[in-house]
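Comments concern the structure below.
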Amino acid sequence: MSPSDLLLLDEPTNHLDLDALVWLEEWLKKYEGTLLVISHDREFLDAATQVTIHLEHAQLTRYSGNYSAFELLRVQKLEQQQAAHEKQQEKMQHLQKYIDRFRYKATKARQAQSRIKALERIEKISAVAADAEFTFTFKEPDHLPNPMIAIDDADFGYQTSDGSPDRKVLSHVRKTIMAGQRIGILGANGQGKSTFIKSIARDLEPLAGSITEGKGLTIGYFAQQELDVLDPEQTPLHHMLELARKSGQAGQSAREQELRNFLGTFNINAGMVTQTVSTLSGGEKARLVLCMIVWQKPNLLLLDEPTNHLDLATREALSLALNQFEGSVILVSHDRALLRAVCDEFWLVGRGEVTPFEGDLEDYHRYLVDESKRSAEARRAAHPAVERPVKTAHQPHASGSKRLKSIERELQKIEQRLTQAQENKGRAESRMCPMLSYTEVQTITLEWETMGKLIGELEEQWLLLQDEAEELCAKR
């Protein structure tokens, strides 16, 4: 709300739902000042930025373009650096051979000394030292019950201890989770997404109805707040030893060194395994939870905003691991790249219900726009004096009717243009792939952004005309 020339945003999307994330993206596109943002959400960066500053090995490197353009340009830069390094090494070896051969020959000593100085003056081009990629895989489940979970006419919410009525969040939920399903959960914050996940994870008892689990069901639960499943006063090693004890794995398979090694595969190094969880960073806690989940060999994964504290490399590793996972996945996330990569279907949590959502994330974006329009109309209906200022009170009735017909025609034209713009934007997005040249990426990105801007302008025109039509109708 405060006007600014420079806006500094450090991971602004971590706890936003998709509704708020979409709103923020649109707002930032219209922001007239300078924006500097740190984020691990690649789609958010693509939508909000035009320049990328890469911090690596205590150096900053500037790249023109959004995150997708940066990825391509960096690969090209590394390839060029490696080629230049190899070429320079050949030149230096040639000089060194000459020096070694002639430096002690009187007739060639001067030339040899000249080459020694030339060799010393060469500014060394370092070889590309690629950082070790973080990867992991989920172990093959021992069982794959089918169905995994059957929910029959269940009410979910929170039981009270003071005698007041239970707080019901979701009603009459009837859902079956089959083996191999990959379900994304959509809905605004506060609508009950986490309540739904916690109820399946056995953290909350249903207020009514039943949840039936398949024989051999093993749940891997990633809570939105990592400390819901971690003890801040205990160490990562203690958590792993407790898992081994509870599962009855004693002796050889639960040796301390084996568990230390397993923690190491999740970049929880020797120094960290005996630190208390409270001293770990958000990303380190998230990797510890993932480590614990993988070790338990689950067949059903319940992931509630697993990427909040993960960097891009770990998000990529999680996406790859989930695509190789043989069990079922229920995913709550505002990371659209992860949702697109993992989920085959979506369920919508809202208005006290859990219902199938027919469509993809682009359809959900349009659904959010429509919901926003409906909310605005409801507010105008509730506060007509405030929301509907009279702009044309002097117009006669006949003139109003004529204007209404004109508005209807304009609305139809806008809706047709909206449909076309959305199709064009979708086509532009589908053409984007890593094999394109930088120029092609820039062209497609510009087309995608232009269509997005046009869609926003058309939607704004639609709302203004709709407002005017309602005002005219109210006077008839």
Side-chain angles (χ1 to χ4, degrees), residues 13-21 147-177 181 183-214 217-234 239 242 246 277-278 282 285-286 289 292-293 296 298 300-309 328-335 339 343 346-357 364 368 371 375:
T13 68
N14 270 2
H15 299 286
L16 297 183
D17 55 29
L18 272 174
D19 310 44
L21 181 55
M148 297 252 178
I149 296 272
I151 305 171
D152 184 21
D153 199 25
D155 293 347
F156 295 144
Y158 298 86
Q159 296 178 342
T160 57
S161 56
D162 58 1
S164 58
D166 294 335
R167 186 161 68 88
K168 185 163 60 175
V169 179
L170 300 170
S171 303
H172 305 298
V173 179
R174 291 184 177 89
K175 286 292 174 189
T176 302
I177 302 166
Q181 270 189 296
I183 304 160
I185 305 298
L186 305 176
N189 283 348
Q191 292 296 308
K193 299 191 299 292
S194 292
T195 302
F196 180 61
I197 295 290
K198 287 179 179 179
S199 300
I200 300 174
R202 312 180 187 118
D203 277 9
L204 294 174
E205 290 288 332
L207 303 179
S210 64
I211 300 177
T212 305
E213 298 182 354
L217 179 71
T218 305
I219 292 176
Y221 175 39
F222 191 110
Q224 185 171 8
Q225 302 296 330
E226 291 93 343
L227 293 183
D228 287 352
V229 293
L230 297 175
D231 184 340
E233 301 307 315
Q234 295 296 342
H239 282 84
E242 278 296 295
K246 289 178 182 178
V277 166
S278 61
K285 291 172 188 171
V289 174
M292 293 167 63
I293 290 173
Q296 295 174 80
L300 172 61
L301 291 174
L302 305 176
L303 308 177
D304 191 357
E305 296 290 0
T307 64
N308 272 352
H309 298 289
S328 301
V329 178
I330 297 183
L331 173 63
V332 177
S333 179
H334 61 263
D335 186 324
L339 287 169
C343 300
F346 295 102
W347 292 354
L348 180 63
V349 175
R351 300 176 183 174
E353 299 178 322
V354 181
T355 55
F357 183 81
Y364 183 61
L368 293 177
E371 284 292 291
S375 297

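We're numbering straight along the sequence, starting at 1.
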Practice task
Looking only at non-hydrogen atoms, find the nearest pair between G220 and P298 and report the distance.
Solution key: N-CB, 3.5 Å

Completion exercise
Here the gap from L301 atom CG to F222 atom CZ, rounded to the nearest 0.5 Å, amounts to 11.5 Å

Handout entry: N/O donor-acceptor pair under 3.5 Å between D203 side chain and K198 backbone
Key = no

Handout entry: Y364 ring center within less than 6.0 Å of F346 ring center
Key = no

Exercise for the section: Evaluate side chain to side chain contact (heavy atoms under 4.5 Å, CB included) for S194 paired with V332, printing each intermediate quantity in order. Expected result: CA-CA 8 Å; S194 292; V332 177; 5.7 Å; no

Handout entry: Close side-chain approach of L331 and P306, heavy atoms under 4.5 Å
Key = yes

Exercise for the section: Give a yes or no on whether R202 atom CZ has more than 12 heavy-atom contacts from other residues, nucleotides or ligands under 6.0 Å away. Expected result: yes

Exercise for the section: Give a yes or no answer on whether the side chain of D166 reaches the backbone of K168 with a donor-acceptor pair at less than 3.5 Å. Expected result: no

Handout entry: Heavy-atom pair of closest approach, residues W347 and P356
Key = CD1-CA, 4.2 Å

Handout entry: Point-to-point distance, once rounded to the nearest 0.5 Å, from OG1 of T160 to CZ of R167
Key = 10.0 Å

Completion exercise
Here the gap from D155 atom CG to S171 atom OG, rounded to the nearest 0.5 Å, amounts to 4.5 Å

Exercise for the section: Hey, could you give me the CD1/CD1 distance between I200 and I177, rounded to the nearest 0.5 Å? Expected result: 4.0 Å

Handout entry: Neighbour count above 12 (heavy atom, 6.0 Å) for Q234 CD
Key = yes

Practice task
Decide yes or no for L303 and S333: does some side-chain heavy atom of the first lie under 4.5 Å from some side-chain heavy atom of the second?
Solution key: no

Handout entry: Heavy-atom pair of closest approach, residues R351 and Q191
Key = N-OE1, 3.0 Å

Exercise for the section: Start with the C-alpha distance between R174 and D152, add both sets of side-chain angles, then the distance that settles side chain to side chain contact (heavy atoms under 4.5 Å, CB included), and finish with yes or no. Expected result: CA-CA 5 Å; R174 291 184 177 89; D152 184 21; 4.2 Å; yes

Exercise for the section: Could you go through the side chain to side chain contact (heavy atoms under 4.5 Å, CB included) check for V277 and H239 one step at a time? Expected result: CA-CA 10 Å; V277 166; H239 282 84; 3.5 Å; yes

Fill in the blank from the handout: Heavy atoms of V349 and I185 approach each other most closely as CG2-CG2, 3.5 Å

Handout entry: Inter-residue atom distance L217.CG - I149.CD1, 0.5 Å rounding
Key = 5.0 Å

Practice task
Name the orientation class of the two ring planes belonging to F196 and F156 (parallel below 30°, tilted from 30 to 60°, perpendicular beyond 60°).
Solution key: tilted

Exercise for the section: Check whether any side-chain N or O of N14 sits under 3.5 Å from a backbone N or O of N308 as a donor-acceptor pair, and report yes or no. Expected result: yes

Exercise for the section: List the atom of N189, the atom of H15, and the distance in Å for their closest heavy-atom pair. Expected result: ND2-O, 3.4 Å

Exercise for the section: Any chance you could lay out the side chain to side chain contact (heavy atoms under 4.5 Å, CB included) test for K193 and D304, step after step, and finish with the verdict? Expected result: CA-CA 8 Å; K193 299 191 299 292; D304 191 357; 5.7 Å; no

Practice task
Find the distance between CG (L230) and OG (S278) and round it off to the nearest 0.5 Å.
Solution key: 11.0 Å

Handout entry: Side-chain donor-acceptor contact under 3.5 Å, H334 with E305
Key = yes

Exercise for the section: Mind listing the closest non-hydrogen atom pair of I211 and S199 along with its distance? Expected result: CD1-O, 3.6 Å

